[in-house]
Each structure stands twice: as C-alpha cells, then as structure tokens.
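Structure record follows, encoded as structure tokens.
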Amino acid sequence: MTAGLPADEYAKLREAVVTTIWNELDPLAEGIENTERIPYDVVLPALRSCGAFGLIVPRAYGGYGLSMAQYLPILSEFAKTQGGIRAIVHVHNSFAHALSEIGSEEQKDEILPGTATGEKSLAFALTEPGNGTGADLSTTARRDGDDYVINGRKWLITNSDIASHFLVFAKTSPQEVSALIVPRDTPGFTIKPLPETMGCKGAEHGELTFTDVRVPARSLVGAEGEGQAHLERALEISRVFIAASSLGTATRALDLSLKFAQERVTFGKPIGQRQAVQRYLAEMAIDVYALRGMLADAAAKWDAGRRIPAESSMVKQFGLEAVGRVTDRALLVHGGIGYTRKHPVERLYRDARLNWLEEGTPTIQYLVAARELIGGYTFDDAFNAVAA
Ligand SMILES: Cc1cc2nc3c(=O)[nH]c(=O)nc-3n(C[C@H](O)[C@H](O)[C@H](O)COP(=O)(O)OP(=O)(O)OC[C@H]3O[C@@H](n4cnc5c(N)ncnc54)[C@H](O)[C@@H]3O)c2cc1C
C-alpha cells in the first residue's frame, strides 16, 4: 500500500516541477532540436532543484516517495515538452524505483540517497546488438572467487552519458539471467555514443562494452538466476510510465489542435466549425480520456499493493496506439504548418514514436498480456466492484 506524499506537500512539489518544466525547460526545446544536444549544465541543476530526480525514491532514502497516482501526472507533464528531457527523467526515476524494490539494503544505502538528489543515477542495461531481449542474452557474468567477471555488449542504453551505475542483465549460467550493478568507472567497462535518434533528441542511448569487468559478488541484485523475475517486476511499472508519457504527448497534441482549430480561418470560418475537423478533435479526446482512465486504474491497483502484469502491457500498448492516432490527427488539423520543423506538433509526432520501443515492442506487450490472461489472470476493476 503506497499512500504517497500528503496532499498539501504533493501540491507544492507538483507546482514546483510543472513551473520548472514550462519556465526553464520548455524554452530550451528548440535549441535541443537544432543541436541534438541537451545542455546538461542548465537542465540537470533545474531538474535537481525542483526535486524531479527524487519523485519516486522512497522517503527513507531522501526522496519524495510519491504514489503512482501522484507520479504519473508529473511524468506526463514532462512528455508535453521536449522528449529527450522526458527520457532522462523517466529512466532515472524508473530504475531508482526498481532498485528500491529489488536491491539489497547495502545497495540501496549506497545508491538511493544520491539518486534522490540527482548526484547519482542508475541506467538500465538489457538490450544487446547480437541477441534478443529477456532470456536471449549473450552477456555473461562468471563467478570467480568473491567477484563476478562480466563480458559482453549492450546498446541503446539511455542515460549512458550521465549514469553513475548500470543495472546490467547477464547470464550467470546458460539457463539463468542475473542482474548486477556496475559502477561507471569500473576497469574494462567502456561506453560510446550511438547515432542520434528520430525523436527525443539530445538524450544519449549508448553502447556498452564489458571486457573482463570485475565487480564484487555483493553487486548481484537478489540471488543468482533471479534476473528474469527482477526484469519483469521492473518493467511491470515502467511500462505504465511509458503509457503516462503517451498520455502527456497526446494531451499536448490535443490542446494545440483545439487552439489552432479555433484560430485558423478558411473560407471565412474557423476550421473548428467544420464537422470534419470536429471529428478529428473528438477522436483525439476519446483516446486521451480512455488512456487517462486506464492509467488511473493501473495506478490505483499498484498503489494498493497489487501486481498488474496484464494491465501494464495493455495500457502501454493502448497508450502508444492512442498517441500515434492523436499525433497523426494533430498533424491533419494543423495542415502544412504542423509539418514544419519548429512546430511543436512535428516534434510531438517524432517523440511519441519512441514509445513503441521503450520497455518492449508491441509484439512483447501482446505476448505478455495474452500469456497472463490464458494463465487465468483477471483484471477485475473498480468498475465491476461498483456494478456489483
Ligand atoms: C531511444 C531508445 C532508448 C532505449 N533505451 C534503452 C535502455 O535504457 N535500456 C535498454 O536495455 N534498452 C533500451 N532500448 C532498447 C529497446 O528496449 C529495444 O530497442 C526494444 O525493446 C526492441 O528490441 P530490439 O531493438 O533488440 O529489437 P528486436 O528484438 O531485434 O526486434 C525487431 C523486431 O522483431 C520483433 N521480434 C523480435 N523478437 C521476436 C520474437 N521472438 N517473436 C516475435 N517478434 C519478435 C520485434 O517485435 C520487432 O518488431 C532503447 C531503444 C531506443 C530506440
């Protein structure tokens, strides 16, 4: 059961973060898009001072310990503006939260207080160039006395330029996946950038190489072979975070479209008075409303201490489809000007596309949801409780 922050403290924190987003970060968006670089000297202090790095770090470690019902609207606000900054905040918070659930007391004491302030950060290293995701890994961690020795490659790892630690998934035997924490400066561990991405500009998603990287056995998270379970636990809530990002992007695209439809006049009338345009707007609003409802349900269940294995994949999948439709219609409403580089709907359209990939492709979301449902999982919800 997660109660989160008392309402008055939450209102102040949310106000501080939202003000930072619109007053300090949003004005940087055009520069980031042009240079494909995030000015860390401005962005990181701004995020630190408003508290964005400690949002879901437990209070015992210096964070705010927000409930998911409190966190999702704040994350969603980040997705209304520049996507690279949203990616940094998402990965930082998501894996600080994961560590708070799966890490040992020693690991939490060492890393979490620094993540709450933003001095430390944990990146998530699963994806590999030569293999599939999940159990199909080629990175190995071999036990050698009191150490593990890691060899392999990872790529597309967000925050690889700023993370102090990496949660690395590796095979400790041919059948077993384990999770280990690797500090950035460990000998044999090298990081290099990958080419810039289609959207979410400026955030870095690097390639990691491990050549006989030696870490103490206490770097293991949980027991050997528990990596797959940790992965599923971490991704379960992180997929909901991607859906919240979809909601933020879709909400902004709808807001911009509503405004534009009332201002743009053709043939003597605002286009918003034409039935064809009204239909686009209504369809966009339906997607936003439905996604918001699914997110509220998922957050309430998680905050009540329930697992949400099917809901997380279903809301992540619905969210990316919804934001895809909404940003597409936003372009239709805006006509040609929406397609130009400096227009926010052009950026939102590109930024949203990452939601298809982060925390797994649509294929995996269908697979997870169907597997749970065939296995007997039911997503009974508040709606049924009221009806009963
Ligand atoms: C900007 C960005 C940031 C990222 N950040 C991170 C990060 O921080 N940490 C991290 O670990 N990863 C990260 N990723 C990686 C991301 O999670 C993966 O790209 C995504 O999960 C897809 O994996 P893949 O690229 O290996 O594609 P592949 O697995 O090669 O998939 C290619 C296609 O084949 C399909 N496919 C693959 N296997 C199967 C199968 N068995 N059955 C049916 N269909 C299949 C997929 O659905 C997809 O359509 C990031 C990616 C991007 C683009």
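Numbers for residues simply follow the sequence, beginning at 1. Start at 1 and go down the list; that is how both ligands and their atoms are numbered.
- Relative to the ring axis of F78, R86 does not place its NZ or CZ within 45° and under 6.0 Å from the centre.
- At a distance under 4.0 Å, a protein heavy atom can be found next to atom 19 (O) of ligand 1.
- Here the protein heavy atom with the shortest distance to atom 29 (O) of ligand 1 is T133 OG1, 4.5 Å.
- Applying the salt bridge (Lys or Arg N to Asp or Glu O under 4.0 Å) test to every pair with at least one member in residues 211-229, sequence neighbours left out, gives these pairs: E106-R218, D144-R214, D147-R214.
- Closest heavy-atom approach to atom 5 (N) of ligand 1 among the candidates I157, L235, I364, L156: L156.
- Looking only at heavy atoms of the protein, atom 43 (C) of ligand 1 is closest to T363 CG2, 3.4 Å.
- By the 3.5 Å distance cut-off applied to N or O atoms, L126 is counted among the residues near ligand 1.
- Note that atom 14 (N) of ligand 1 has protein non-hydrogen atoms nearby, at separations under 4.0 angstrom.
- Nearest to atom 17 (O) of ligand 1 among the protein's heavy atoms is L357 O, 3.4 Å.
- Taking atom 2 (C) of ligand 1 as the reference point, the nearest protein heavy-atom neighbour is L354 CD1, 3.4 Å.
- Of all protein heavy atoms, the one closest to atom 8 (O) of ligand 1 is T158 N, 3.0 Å.
- Cation-pi contact between R353 and W356: present, with separation from the ring centre below 6.0 Å and deviation from the ring axis of at most 45°.
- The contact set between ligand 1 and H205, taken as ligand atoms under 4.0 Å from a residue heavy atom, comprises 1 (C), 2 (C), 3 (C).
- Between the side chains of S94 and S238, at least one donor N or O sits under 3.5 Å from an acceptor N or O.
- For atom 24 (P) of ligand 1, the nearest protein heavy atom (residue, atom name, distance) is T127 CG2, 4.4 Å.
- With hydrogens left out, the protein atom closest to atom 46 (C) of ligand 1 is T361 OG1, 3.7 Å, a heavy atom.
- Side-chain N/O atoms of R347 and Q82 include no donor and acceptor closer than 3.5 Å.
- For atom 41 (N) of ligand 1, the nearest protein heavy atom lies 4.0 Å away or farther.
- Checked by atom type, the side-chain pair N131/S138 shows a donor-acceptor distance below 3.5 Å.
- In this structure, atom 38 (N) of ligand 1 has its sub-4.0 angstrom surroundings free of protein heavy atoms.
- Side chain to side chain, E196 and H205 fail the donor-acceptor criterion of an N or O pair below 3.5 Å.
- In terms of protein heavy-atom proximity, atom 9 (N) of ligand 1 is nearest to F124 O, 2.7 Å.
- E311 and W302 share no donor-acceptor pair across their side chains, judged by distance under 3.5 Å alone.
- The salt bridge (Lys or Arg N to Asp or Glu O under 4.0 Å) search around R153 returns E207, not counting sequence neighbours.
- Between the side chains of T340 and E346, no donor-acceptor pair of N or O atoms lies under 3.5 Å.
- Within 4.0 Å of atom 33 (C) of ligand 1, not a single protein heavy atom is present.
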